[in-house]
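Nothing fancy with the numbering, it's 1 onward along the sequence.
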Amino acid sequence: MYLEFIPEGSRYCPLVILYPSIPEEAEKLYQALSNLVADNSAVVDIHALPFISPVDGCRLSAQVSDKDIGAVLIENTENHFTWQLTRQEWEFALELLYPFTEPDYSGYQWLDDSASSEIAVLITAYNRQW
């Protein structure tokens, strides 16, 4: 699965995209983020997971936070992001991610619904075609 930052992302905001999602990899991502929510991990470096291939050095670190901050660019970097949500919002993101673990699932999903987020996080079953 590729991890890429697209500055011109959508018409609403830049985005970090995970693509193409296949069930086995989506399941591993789901488990890694579930461990984060269960407080078994302080930080999940999504870019460092063995099935993730960062494009242009894109880095995304997930954390549980007291406040829904969303995905933000780390200061003085071009391609390194921290994604901070409350435990409740992480549980919601996991619900959105879960269908990608099912065989033959297709489509895309915005995983971060945080109004304060500077950058959207999107997962898709499709290869990037733009």
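Counting only heavy atoms from C-beta outward, the side chains of Leu29 and Phe51 approach each other to under 4.5 Å. Looking at Asp39 and Val64, their side chains never come closer than 4.5 Å, going by heavy atoms from C-beta outward. Contact of the Leu49 side chain with the Lys28 side chain is not registered, since no non-hydrogen atoms from C-beta on lie closer than 4.5 Å. Side-chain atoms of Ile69 and Leu85, non-hydrogen and from C-beta on, never get closer than 4.5 Å to each other. Under the 4.5 Å side-chain criterion, counting only non-hydrogen atoms from C-beta, Ile123 is in contact with Phe100. Looking at heavy atoms from C-beta onward, Pro54 lies out of side-chain contact with Tyr2 at the 4.5 angstrom threshold.
Atom CG of Asn79 sits about 8.5 Å away from atom CD of Glu4, to the nearest 0.5 Å. Rounded to the nearest 0.5 angstrom, Lys67 NZ and Glu89 CD are separated by 13.5 Å. A distance of 11.0 Å separates CG of Leu111 from CG of Leu15, quoted to the nearest 0.5 Å. Within the model, atoms OG1 of Thr101 and CD of Gln31 stand 9.0 Å from one another, a figure rounded to the nearest 0.5 Å. Note: Arg87 CZ to Asp66 CG = 9.5 Å, rounded to the nearest 0.5 Å. One distance of note links CG of Leu97 with CD of Glu27; it measures 9.0 Å at 0.5 Å rounding.
Summarising the geometry of Gly107 relative to Thr124, their closest heavy-atom pair is O-OG1, 3.3 Å, with the distance given to 0.1 Å. The heavy-atom pair separating Met1 from Glu25 by the smallest distance is N-OE1, 3.1 Å. The two atoms that bring Ile46 and Ala62 nearest to each other are CD1-CB, 4.1 Å, heavy atoms only. A pairwise comparison of heavy atoms in Trp83 and Ala71 identifies CD1-N, 3.7 Å as the closest pair. The minimum heavy-atom distance linking Ser61 with Asp45 is given by the pair OG-OD1, 2.6 Å. Closest non-hydrogen pair, Leu18 versus Ile52, comes out as CD2-CD1, 4.0 Å.
In the hydrophobic cluster analysis, where Ile, Leu, Val, Met, Phe, Trp and Tyr join through side-chain heavy atoms closer than 4.5 angstrom, Leu96 is grouped together with Ile119.
By the 6.0 Å contact criterion, CD on Glu78 is open, its count of non-hydrogen atoms from other residues, nucleotides or ligands being 12 or less.
Here the two rings, on Tyr126 and Tyr108, have centers that are 6.0 Å apart or farther.
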Begin with the C-alpha distance, continue with both residues' side-chain angles, and end with the deciding distance and a verdict on side-chain contact (heavy atoms from CB on, under 4.5 Å) for Ile22 and Tyr105. CA-CA 8 Å; Ile22 61 171; Tyr105 184 81; over 6 Å; no
Show, in sequence, the C-alpha distance, side-chain angles and deciding distance for Gln63 and Ser65, and conclude whether the side chain to side chain donor-acceptor pair (under 3.5 Å) test is met. CA-CA 6 Å; Gln63 294 178 281; Ser65 175; over 6 Å; no
side-chain contact (heavy atoms from CB on, under 4.5 Å) between Leu3 and Val55: does it pass, once the steps are laid out? CA-CA 6 Å; Leu3 172 69; Val55 175; over 6 Å; no
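In summary, the side chains of Gln88 and Thr86 do not present any donor paired with an acceptor at a separation below 3.5 Å, with no hydrogens or angles considered.
Between the side chain of His47 and the backbone N or O of Leu60 there is at least one donor-acceptor pair closer than 3.5 Å.
Between Phe81 and Phe5, the ring-plane angle classifies as tilted under the 30° and 60° cut-offs.
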